[in-house]
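Here the structure comes first, spelled out in C-alpha cells, and everything after it is commentary.
Basis for what follows: all heavy atoms, side chains included, without hydrogens, waters or symmetry-related copies.
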Amino acid sequence: SAKPTLPTNFEVETWATLKSAITAIFLKRPDSCDLEKLYQAVNDLCLHKMGGSLYQRIEKECEEHISTALRSLVGQSPDLVVFLSLVEKCWQDLCDQMLMIRSIALYLDRTYVKQTPNVRSLWDMGLQLFRKHLSMAPEVEHKTVTGLLRMIEGERLGEAVDRTLLNHLLKMFTALGIYSESFEKPFLECTSEFYAAEGMKYMQQSDVPDYLKHVEMRLHEEHERCVLYLDALTRKPLIATAEKQLLERHIPAILDKGFVMLMDGRRLEDLQRMYSLFSRVNALESLRQAISSYIRRTGQVIVMDEEKDKDMVPSLLEFKAALDSIWEESFSKNEAFGNTIKDSFEHLINLRQNRPAELIAKFLDEKLRAGNKGTSEEELEGTLDKALVLFRFIQGKDVFEAFYKKDLAKRLLLGKSASIDAEKSMITKLKTECGSQFTNKLEGMFKDIELSKEINESFKQSSQARTKLPSGIEMSVHVLTTGYWPTYPPMGVRLPHELNVYQDIFKEFYLSKYSGRRLMWQNSLGHCVLKADFPKGKKELAVSLFQTVVLMLFNDAQKLSFQDIKDSTGIEDKELRRTLQSLACGKVRVLQKLPKGRDVEDNDSFIFNDGFTAPLYRIKVNAIQMKETVEENTSTTERVFQDRQYQVDAAIVRIMKTRKVLSHTLLITELFQQLKFPIKPADLKKRIESLIDREYLERDKNNPQIYNYLA
C-alpha cells in the first residue's frame, strides 16, 4: 500500500492558523481556534521536521508586534509617572503574551529548541527582541531611567511613591539584563550627588548627635529600598556610596564638632551610635585617637591643677568610672579602645611625678580612718578596689608605699583605723598587685600590733606590774620593730613623774623578757585619756602625749607664759606651738590664750578655761596627731628619693658586674628597663659619676663613653 503523504499545503495552512492565533494574542482579541488544536498544530509541524521554519515565523511575528508596541511609547505623556505606567503596561503585556505563545508552542520549546544549539527558548527570544527594540528607541529607555531616578529622589525627599511600579520596572531591567549598565550606574551617581549635598548641608545645620541619627536613618532607608525594589546586588555599592558621602567625608568634622561634647555629657547612646557608624567605614582608628587625646586633655586639667589637689583622686576615680561605662556600653568593650584608655590614663596620672601617688595613699588613709559614718563594708571594699585601679597606673609606687606606710602607722598606733579587716584586705590587694616584697613591711606592722597586745597582757600579769605600778594610771605600750615602721625624729619631752615611773617599770619587764634589745620611746606618737574636772562638769579628754604634758602643768598653776611652758616641758619650739594652738585656738578650747589670736607668739600667756563646756563626756582633742606636718611630708619624700638613689646604684653595679664592659647608651637603656620608677637620664648620669668617684666603675681610656667594672 502507498505511504500516506502530507497534504501539499499542510505547512502553509497550519501556520496560517497559528499566525491568526498569535496575532489575536498580541492584539488581545478572542480567537476562534481552541488552545488544544493550536498545541496539536505545533506538535504536528515539529513531528514533520518543520520546527526550524516554525520558530523563525514565530520570531518574525513577535518582533513585528514588539517593535510596534515600543514605537507606540515614543512621544507619550510628558508626566514621567504616567509614562512609567505605560512602560510597565507594555512590559506586562509582553510577558503575558509571551507566556501564552510559549504554552501553545511548548512542544517546539521542548524539542527543536533543546536539540538545536544556539537557539533561545521562546521566552528568552521575546526578551531579546524587547531589549533589541528598546535600544533602538533610546528616548524610551532614557525617559524610563530618568523617571525611575526622579521617583527614588522624590521618595528620599519624603514624597509618597508607587513602590510596586518601581519594583516591576526594575525587575524588567534585570530580566532584560540591562539593569547594571542602564540603571545601576546612573542611580549610584545620583545617590552620590544627593548625599554629598545633603551631608554638607546637614553638617552645617545640625549638631553631631542629630546628624548621626540622620545618617543612621538614611542608611536604614537605603537598606529598605534594596529589600523593596532594588536588585539585591545593588545593596553593597549603594550603602557604600551613602556611607562615603554622609560619613567618611565628614569624620574629622564630626569628631571636631561633637566628640568632646558627647564625652563630657556621658551621652552613651550617641557615642554607641558614633562607634557603630564609624566601624562601618573603618574609621575606628580616628575615634580611638580622639579618645586618647580627650583623656589626656581632660586628665591634664584634673592632675595639673594644684589648687584642687584635694579633689584629684575622687575626680580621677569619677573620670575612670565614666570612661569604663562608655567603653562597656558604647564601644562594645573593644580591646584596642580598652588599651588606649589604659595607656592614656597612665600617661595623665604620671604627668606630675610622685604627687598623684602621694594623694592616692592619702585618699585611702581618709577612707580607712575611723569616722567614715554611713559607709558599709561593701562600699568601702568597692572604693578600695577603685583606688587600686589608679594605683596600677602610677609609676612611682615607692612614693605611694612610703606615704601609705606613714598613714597606716598612725592609724594603727592612734587606734584610728575604721576596720582591721579592711586594712588587711587592702594589704592583700597590694600584695596580689606588687608581690610580697612590697607589703612585707606593712604586714610586719600588723604583727607588731598583735605582739604588743600579748606583751601588754603578760605585763599586766607580771610581778613588776602588780607590785611597783603607780595607782590611778592605765598604760598600754606598742613595741615596734624599727625596720617595719616609718622613721620618726626623736622628740624630747619632760614627762610627769608617774609616766616616767611607768616607762621604767615596763622597760625593766621587757628587757628581762627579751634581753639584748634596746627600747626607744617615741613621744610624738603617744596618746592619753585625761580626766578633767571643770567647774561646769567632769570630762574625759583624748589628747596627745605632748598635750597631756602641757595640761598637767595647769594642775599646779592657773596662768603660765609660753616661755614657762617651754622650760617646764622641754618640748621642741615648733611642736610646742602646734600643741598650744590645738589646745587654745582650735574647736575645743581647754585653755585660753592671752591675747586672743590664731598663732602662738613668744609673749603669749595661757590660762585654764574655767568656762569650758561640751555636750559630750569624752572629747577628742588630739586630731593634731593625725594631721601631717610639712616637715613630715618633706622627710617622707626625701626618704623615697634617698632609697631610689640606693636602688639606682645597686642596679648599675648589678648590670656592670654581669657585663663587665658597657657603653653609656646601653647602660642607660638597661637601667630604664630594670628600674620601676620614673627617673631622668641626667640623674642616672650623676649616679654613674658617683660610682666612678667611689671606684666601682672607670671610664675606658680610649673611649670615655664606655665604662669598665672594677672587680
Taking the six-membered ring for Trp, are [X] and [Y] parallel (under 30°), tilted (30 to 60°) or perpendicular (over 60°)?
X	Y	result
Phe259	Tyr294	perpendicular
Phe337	Tyr275	perpendicular
Phe506	Tyr510	parallel
His664	Tyr707	perpendicular

State, to 0.1 Å, how close [X] and [Y] come at their nearest heavy-atom pair, and which atoms those are.
X	Y	answer
Glu358	Val399	N-CG1, 4.1 Å
Leu671	Val648	CD2-O, 4.4 Å
Leu271	Leu262	CD2-CB, 3.7 Å

Are [X] and [Y] close enough for a salt bridge, meaning some N to O gap below 4.0 Å?
X	Y	answer
Glu450	Lys447	no
Asp573	Lys566	yes
Glu433	Lys397	no

Assess whether atom [atom1] of [X] is packed by more than 12 heavy atoms of other residues, nucleotides or ligands within 6.0 Å.
X	atom1	result
Lys320	NZ	yes
Lys244	NZ	no
Lys429	NZ	yes

Is there a donor-acceptor contact under 3.5 Å linking the side chains of Glu377 and Ser419?
no

With a cut-off of under 6.0 Å to the ring centre and 45° to the axis, is Arg411 in cation-pi contact with Tyr404?
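Cation-pi check for Arg411 and Tyr404: passes.
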
Looking at Ser293 and Ala290, would you say the former's side chain and the latter's main chain have a donor-acceptor pair under 3.5 Å?
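Yes; at least one donor-acceptor contact below 3.5 Å.
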
